[in-house]
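A note on names: the letters A, B, ... follow the listed sequences, proteins ahead of strands, and every chain is numbered from 1. Computation of the quantities below employed the complete heavy-atom set of this structure, encompassing side-chain atoms and omitting hydrogens, waters and symmetry-equivalent molecules.
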Amino acid sequence: MADQPTAIERFIQGILPENPVYRQLLGLCPTLAVTNGMKPALTMAVSVAFVLVCANVVISLIRNLLKPHLRIVVFTLTIATFVTVADRVLAAYLFQMSKTLGPYIPLIIVNCLIICRCEVCASKQNPFTAAADGLGQALGFGLALASIAAVREILGTGMLMGFRVLPALWPDWVIMVLPPGAFITLGLLLGLVNYIDFKREEARK
Amino acid sequence: MSLKNSNLAQAWLVLLLATLFGTALAGIQVKLGPVIEANKIKETMAKIPVLVLGDDLAAELAADNQSLTIKSRVVEVNKNGTTKFYTVYDAWLPEGKMVGHVVKADGQGYADKIELLVGLDAQGKSITGLFVLDQKETPGLGAKILEDAWRGQFKEKSTEKHLSVVKGSGAKEDEIDAISGATISSKSVTGIVNTTLANVASQLQVTDSPENNKTPAVQNKEPGKNKERS
């Protein structure tokens with residue numbers, strides 16, 4: 001296993017070089033659905049972080065017991081458990097937010113990002129590395145959600161986290177808060193990230 | 001077949017984990033279930049004035065710093081050998097006049113259980129409002145049952161007739177226009193309302209002061225204040 005990245009490498013990779021949304025294009029369903037405001041986006045990011053780190057650590061702990069053909073079942077079982085925990089905790093302590101997010105919290109179960117990390121890292125490396133990987137990926141996912149949500153909320157309502165950031169004269173672009181705004185924003189930001197990457201690559205040559 | 005190759009023996013880890021996780025989740029449900037239930041009751045209590053009075057009157061009442069007297073009771077309905085329980089909230093104006101009832105109803109939706117609050121007038125003759133407490137319908141389609149425009153159709157419908165779901169925008173009396181792309185969700189909600197009304201509407205006795213209602217009940221805030229008035 002000498003060619004596997006170390007914990008620190010895993011952590012850093014998750015934030016930008018292998019950013020789940022901008023680089024791997026994983027977990028796009030929640031990315032498109034909950035980024036119409038900063039608060040739901042951050043709640044989603046924290047929930048995903050919790051599930052991702054916990055699932056990664058548990059899978060890593062039992063990685064030597066896994067039967068190859070049963071591993072996906074075990075992944076799903078573990079992920080579903082932590083998602084249910086997150087869902088219940090939100091319903092108990094952030095009731096309105098859990099209603100806003102609706103079925104998207106239970107849908108974390110099928111977020112391919114988490115299964116991907118279980119498969120790529122947690123089922124092969126030690127719990128510490130798996131935790132670092134989970135944290136890095138979660139941070140990358142959170143940053144991606146936050147960047148999309150910031151653009152959509154500011155342009156769509158002129159506010160960020162409920163505070164006005166654009167002058168009241170701003171004609172709210174309602175479409176940014178609606179589903180098409182999610183696709184437009186994600187597409188443009190994705191293009192921007194790729195462009196910056198391309199430029200950096202050229203500068204290196 | 002040797003034990004080692006049997007499917008059950010190979011799946012021991014899955015079975016063990018399922019048991020462990022299941023137990024842990026049960027523990028969490030025991031711990032958090034009451035908190036979630038309390039949240040729902042709090043939301044129900046907050047929605048009752050809007051459901052029985054409508055937005056404007058409810059806002060007026062709140063502006064006057066007054067609140068409805070709300071008592072809850074459980075209505076038992078025996079039908080076809082099964083017993084169903086409904087929680088009914090009766091609401092009185094501060095002067096002691098009965099304004100309406102809110103019935104908590106639930107049933108299967110497209111994705112998961114849908115929980116509704118159905119507002120009825122004092123006689124139980126017409127619907128005064130509908131609110132969706134809990135749902136997990138498809139976002140963007142079935143979840144439109146949450147929107148005011150769709151829920152508003154139920155307002156002022158008579159409780160004596162069976163509501164039916166129609167497609168297209170030609171909804172007449174006793175008809176509810178289906179959400180396009182979400183006929184099942186529309187039918188589920190309408191079905192729950194129909195069943196609830198058929199079961200409960202006849203059992204809403206009108207009493208013009210909260211104290212005459214014999215059924216013991218959970219009290220709302222400031223019971224003393226209301227007692228002095230009536």
Side-chain angles (χ1 to χ4, degrees), chain A residues 29-30 32-36 40 44 50-51 54-55 58-59 61-107 109 118 123 178-180 182-183, chain B residues 4-47 109-115 131-147 181 185:
Chain A
C29 156
L32 293 168
V34 303
T35 50
N36 53 355
M44 180 52 122
F50 165 76
V51 177
C54 293
V58 170
I59 294 295
L61 285 171
I62 58 171
R63 69 188 185 281
N64 295 325
L65 303 171
L66 287 176
K67 292 255 188 305
H69 62 289
L70 290 175
R71 68 188 195 290
I72 303 283
V73 182
V74 175
F75 293 170
T76 320
L77 193 66
T78 315
I79 295 166
T81 306
F82 289 113
V83 169
T84 313
V85 172
D87 181 50
R88 295 286 86 187
V89 168
L90 280 181
Y93 300 111
L94 282 171
F95 188 58
Q96 282 312 319
M97 183 49 77
S98 101
K99 287 197 79 164
T100 313
L101 289 172
Y104 290 110
I105 293 292
L107 279 177
I109 294 172
C118 288
S123 59
L178 298 175
F183 286 98
Chain B
K4 213 175 168 189
N5 290 330
S6 90
N7 288 335
L8 215 58
Q10 288 200 4
W12 71 270
L13 183 64
V14 179
L15 296 172
L16 179 74
L17 284 178
T19 319
L20 282 178
F21 287 156
T23 319
L25 286 181
I28 283 171
Q29 180 60 30
V30 167
K31 194 111 181 64
L32 294 181
V35 187
I36 298 169
E37 217 39 52
N39 284 337
K40 282 189 185 163
I41 290 174
K42 211 171 127 197
E43 189 179 31
T44 306
M45 286 301 174
K47 279 291 161 199
Y110 180 62
D112 201 350
K113 203 170 87 168
I114 299 179
E115 281 181 32
F131 181 74
V132 183
L133 261 188
D134 200 11
Q135 59 89 26
K136 293 201 167 42
E137 301 303 283
T138 320
L141 293 170
K144 286 189 182 161
I145 57 171
L146 293 172
E147 289 174 4
S185 300

Between [X] and chain A, which part of the residue has a heavy atom less than 4.5 Å away: side chain, backbone, both or neither?
X	answer
B:E43	side chain
B:Q29	side chain
B:K31	neither
B:A24	neither

- Identify which part of A:V58 has an atom lying under 4.5 Å from any heavy atom of chain B, answering side chain, backbone, both or neither.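 The answer is the side chain of A:V58.
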- Examine whether an atom of A:P106 lies under 4.5 Å from a heavy atom of chain B, and if so say whether it belongs to the side chain, the backbone or both; otherwise answer neither. side chain
Of all heavy-atom pairs between [X] and [Y], which one has the smallest distance, and what is that distance?
X	Y	answer
A:A92	B:N39	O-ND2, 2.9 Å
A:L77	B:V14	CD2-O, 3.7 Å
B:I28	A:R88	CG2-CB, 4.3 Å

- Item | Inter-residue atom distance B:L16.CG - A:L65.CG, 0.5 Å rounding |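 Answer for the CG-CG pair, B:L16 versus A:L65, is 9.5 Å.
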- Nearest 0.5 Å, what's the CG-CH2 distance between A:L70 and B:W12?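 Answer for the CG-CH2 pair, A:L70 versus B:W12, is 11.5 Å.
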- Task: Considering only heavy atoms and a distance below 4.5 Å, find which of B:D134, B:D112, B:L133 pairs most often with chain A.
- Result: B:L133
- Message: More than 12 heavy atoms of other residues, nucleotides or ligands under 6.0 Å from CZ of B:F131: yes or no?
- Response: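 Count over threshold, so yes.
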- Query: Are the side chains of A:F95 and B:V35 in touch, meaning some heavy atoms are under 4.5 Å apart?
  - Reply: no
- Which one, A:T78, A:V73, A:I62, leads in non-hydrogen pairs under 4.5 Å with chain B?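 Highest number of heavy-atom pairs under 4.5 Å: A:T78.
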